Every structure is written in structure tokens, then in C-alpha cells.
> 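Take a look at the following structure, please.
As the structure is a prediction and not an experimental result, all values here were calculated from the model. Labels below follow one simple rule: chain letters A, B, ... track the order of the sequence lines, proteins then strands, and each chain is numbered from 1.
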Number of protein chains: 2
Amino acid sequence: MNALATQTSFPPYSPQSQAMAVAGPIDIDQLSRHVQILRRKLAPGQHAYRAGQSFHAIYLVHAGFLKTCELSEDGRERVTGFRMRGDLVGVESIGLAHYSCDVVALDDSEIWELPYPPVMHACLYMPELQSRLTAALAEEIRNDRAWMLALGTLSAEQRVAAFLLDMARRHLRLGFSARHFLLRMGRADIASFLGLKHETVTRALTRLDRLQCIEVQRREIRLLDADGLQRMAGQGETIH
Amino acid sequence: MNALATQTSFPPYSPQSQAMAVAGPIDIDQLSRHVQILRRKLAPGQHAYRAGQSFHAIYLVHAGFLKTCELSEDGRERVTGFRMRGDLVGVESIGLAHYSCDVVALDDSEIWELPYPPVMHACLYMPELQSRLTAALAEEIRNDRAWMLALGTLSAEQRVAAFLLDMARRHLRLGFSARHFLLRMGRADIASFLGLKHETVTRALTRLDRLQCIEVQRREIRLLDADGLQRMAGQGETIH
DNA sequence: CGGAGTGTTGAAGCCGCTCAAGGACGGTGG
DNA sequence: CCACCGTCCTTGAGCGGCTTCAACACTCCG
């Protein structure tokens, strides 16, 4: 058993910490003067909300790890993203009477409920909140589009490489090691997100391991050659 | 030569017309009191903007047909969507100094340039503009996610069916026939959008034709069995 | 221990891709 | 008006990557 295995959950969100993944730091202290912020804890497997429930709030992930799932009428399902500390959740349902997707905790998590009409109203008193919110939505679109590009143009192995790099970057942004981390989701969730089957993800991980790019042991990942992964995924930037 | 062939471009946008595809009708008259709106005409192949140009405005499509393209550093490219009358364009770049994608006219088009800092400022005087804008962004996210679900779970033929139904619905919303329309883009653009190759799109269209679901003749499409297409694409709703 | 859940590995098959050729259309210039 | 050209679309044949199906290993927990 190593240090990673005992790191059960991410530390809490604070506005003074690293730049927020999506929205940039939201001034929670100021916001809490205008809206009642409810803290909700979720155990693994619990839903933050489900498609069809009436929309009343967006959420800021304060700790833990969650996935968002898109559902179709005929039962098809797909993971559309993974959320961690600092990410906003629920913004995709703004403007609707009901949430349009499922959000499920993959780990012990805490999310802060920001009741929506009140938040919107608070924007009148906090002009920068409005632009932060809008910027967060735009960022979400860009993020989705970047993945659409990846899923449409990369092979299975390249997608898995890109996925690992994305995880690494986000871990880094939260102050964790980008070279050594635990995946919080199963192979099936990764596969669903990448538009593959879980066996294919396993095989890709095994191959990357054999190529000495990474070391895999179930959910524990060690990046041995991040540059190699980046070349593979067709990305120029480097993880610092 | 038939009626469709002579219908070279879509009629203009007006706030009184059908519900806007993305944002709901924006009150352009009122907005124009606060913001200088510039009308730009584009010929087929011309860019509304390119990735990397400095961001200064979002656009409302007033007439015509455009595509948005995502680009990667290593030259991969993908069409991420098609825009027609009433659609907002450029919102994905809000919060950035530079546009993040390319937008190209596929047809003679007119777009209305809404300078962005001024629009944001106008929101202070037009509170409903802000919520419309936010709702438009959220709608964009849902739209992208719905396609992510489709592309990850449907076969080539099903994707093409879903694509045709989407086109049909959007034509209908603009007051055109949902059963008979002209595709404004080539096979390669459809393929890129659907994560396929152009030959595969051709073959899927040919098969749908043989199955009597549609009639294809180059870019002219006639839906013979919309319900059949819907069942095929795993969607329950009906085009009215 | 045993059983469930999850991850790994193998073998075979299929869907979509690749490569290649030919056809239809639209524009241009003789 | 027709010949020519480039672009777009279509079709075929063969291949390959991912999926499918199946069996087995590992880990966690009762």
C-alpha cells in the first residue's frame, strides 16, 4: 500500500487556491452574502442529480470526483466528462426546467449547491460573477469541442494517451503530481467517454505500458514518458 | 431545375419569426440602441473568422449557411457544427483573447457582428439579454453533448440518419420543408462532422435510399420515411 | 473462503477505412 | 454550343482496427 492508495479524496476548494479549472476563481465569500449555499456530501455511486429532475441549482465541486452522463430515450448512455475540485456542474441545464443529464459521484465528494435563480439575481450585484459564469460556459464548449476533435481524429491508443494527459494536467492544476496518480473511474467509464469498449482501453493501456510510456497497475498510473504520450496524442504542449 | 435549386439562400432573420434556434429571439432593435451592429456578407468559402484572430465580436447568422471547424496544432481538423439563420456564432471564444476555431460560409451568407465588450455592457441595461445569452451557451453545450452521445453510440448509417433528421428539424424551424431540402455542405464536411469518411457517408446515403427511407440525388434530399429514420437513429420524437 | 465486481487476455469477425477508378456536374473558354 | 477541366460524388475490392464473445486473474469484503 502506498501514499496514493491512502489519498482517498481531493482536498477542499478555496478561492485563494489554484486557478479554477473552468470558471476561474469564483468569489464564494461574496456570493454567499447574496445566495444560500448548501453543502452536499455524496458517497461513490450517489447522484448529484438525474436527468429529468427539476432544475434548481448549479454546483461547484468542492472535493471528490464525479462523472456526467448523457442518456438517450432508447437507453443508450455515454459519459461526457469527469469533474473534479473547482469544476462547475449543472451549467448545461441552465435555461431548462429539468436537468438534462446525470451526474454521479465516483468517489466521496462534496459539492456546493448554488441555487440558480438566486445566482442569476446575484449577478446584478456582482458584475464580475456574470462574466465568470459566461466564461465558464464558453470554456465548457471549447472543452467539449476539443474532445470531439480528438474522438473524431485519433485512434484508440491515441485517445487513451490524450485522456491520460488530460488527467495529468488537471491533477497538476489541483496541486497533485502529474506523473503519478490514481484513476477514480473504471475502464468502462473511460471507454464510454472515449467512444471505445473497455477491453480496448485495457489493451491500449497495456500497450502504452509495454512501450514504456506509462506504468499501469489497475487504476494506478505513472507517466514515464509524457513527451512521448504528447507526440502520440498530437499535442505540442508539455506538462511542467 | 426545380424550386429547391433556385432557392439559393435562406430568408433573413427577424425577431418576430420562429423561435430562434439557439438563443430564443434576441431583441435586436433594443440591442442596436446600445451596440453598433455591423452587417457582414460572406461568399461561399469566405471565413467569418479564423482561429487565432483577435476576439472582438460574436455573430448572429442572419442568412445563409456556415460551418464551424476545430483545428489542432498538428493539422488535424474537424467540422464541429453547421450554423444557419438565428444561430449564434463565436460564443465558444468568449473569455479568450483570440478565436478558438474557424467559421466558414458554405453559401452566400449574412452575419450580424455584435461587438463583444459592448454586448456584455448592454446586458446591464437589458437584463433579459444576459439570460438569453447564458441560455444560448447552455443550449450549445447540450447540443454538443447530444452529438457526442450519438457519435459514440451509433453506427455510420445511424449517424447519417440522425444527421438528416437534425437538418430536417432545423429547416422546419426556419419555415422550410422538413421533407425536402438541399444540403449546403459536401460529403466531406458531413463525414468530418460525423466522425466518418466521405465514402462512408455516400454509402450510408445510398443504403438509406435503397431502403426507401430517403431519396438522394447529390445534395438534394427527400425524406420518404421520417419515422423509419427516427427508429433507426434511436429517437422517439416525430417531425411534424 | 467464496462470490461479486473489475480488469486482463485471446481468437474470430465485422464495420468502416484505404486505395483506386470512373461518373456527374458546373464553370470556363474557345 | 461544345470541349475541357476541376471538383464532387459514387462504387468496388481488400484490408485492418476495433469489437465481440469468452475465459480467466485479481482484489476487495462479506
> How close or far is atom P of D:dG17 from atom CD of A:Q158, stated in whole angstroms?
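The distance from CD of A:Q158 to P of D:dG17 comes to 12 Å, rounded to the nearest Å.
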
> Please report the distance, rounded to the nearest Å, between CG in B:L154 and P in D:dT19.
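Distance, rounded to whole Å: 14 Å.
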
> Given atom CG of B:L208 and atom C1' of D:dC9, what is their separation to the nearest angstrom?
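Between C1' of D:dC9 and CG of B:L208: 16 Å.
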
> Would you give the length of the straight line joining atom CD of B:E92 to atom SG of B:C101, rounded to the nearest 0.5 angstrom?
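It comes to 3.5 Å.
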
> In this structure, how many angstroms lie between the P atom of C:dC15 and the CZ atom of B:R207, rounded?
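Distance check: B:R207 CZ to C:dC15 P gives 9 Å.
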
> Output the rounded distance in Å from CG (A:L196) to P (C:dC15).
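In whole Å, C:dC15 P lies 18 Å from A:L196 CG.
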
> Out of the candidates B:L106, B:I111, B:V104, only one should pair with B:L66 under the side chain to side chain contact (heavy atoms under 4.5 Å, CB included) rule; please name it.
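The option that passes is B:I111.
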
> Is the shortest distance from a Lys or Arg side-chain nitrogen in B:R39 or B:E110 to a carboxylate oxygen in the other one below 4.0 Å?
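Salt bridge present between B:R39 and B:E110.
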
> When you check every protein heavy atom under 4.0 Å of nucleotides 5-11 of chain C, what one-letter string (B, S, -) results, 5' to 3'?
-BSBBBB

> Do A:R40 and A:Y59 have side-chain atoms, one donor and one acceptor, less than 3.5 Å apart?
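Yes, side-chain donor-acceptor contact under 3.5 Å.
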
> May I have the distance from B:L183 (atom CG) to D:dT10 (atom P), rounded to whole angstrom?
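To the nearest whole Å, that distance equals 10 Å.
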
> Only one of A:T68, A:D87, A:D189, A:D166 clears side chain to side chain contact (heavy atoms under 4.5 Å, CB included) with A:F82; which?
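Among the candidates, only A:D189 passes.
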
> Measure from CD on B:E157 to P on C:dC17 and round the result to the nearest Å.
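Distance check: B:E157 CD to C:dC17 P gives 13 Å.
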
> Take atom NZ of B:K197 and atom P of D:dC8, then tell me their distance rounded to the nearest Å.
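In whole Å, D:dC8 P and B:K197 NZ are 16 Å from each other.
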
> Decide if the gap between the ring center of A:H98 and the ring center of A:F55 is smaller than 6.0 angstrom.
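Judged by ring-centre distance (under 6.0 Å), A:H98 and A:F55 do not meet the cut-off.
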
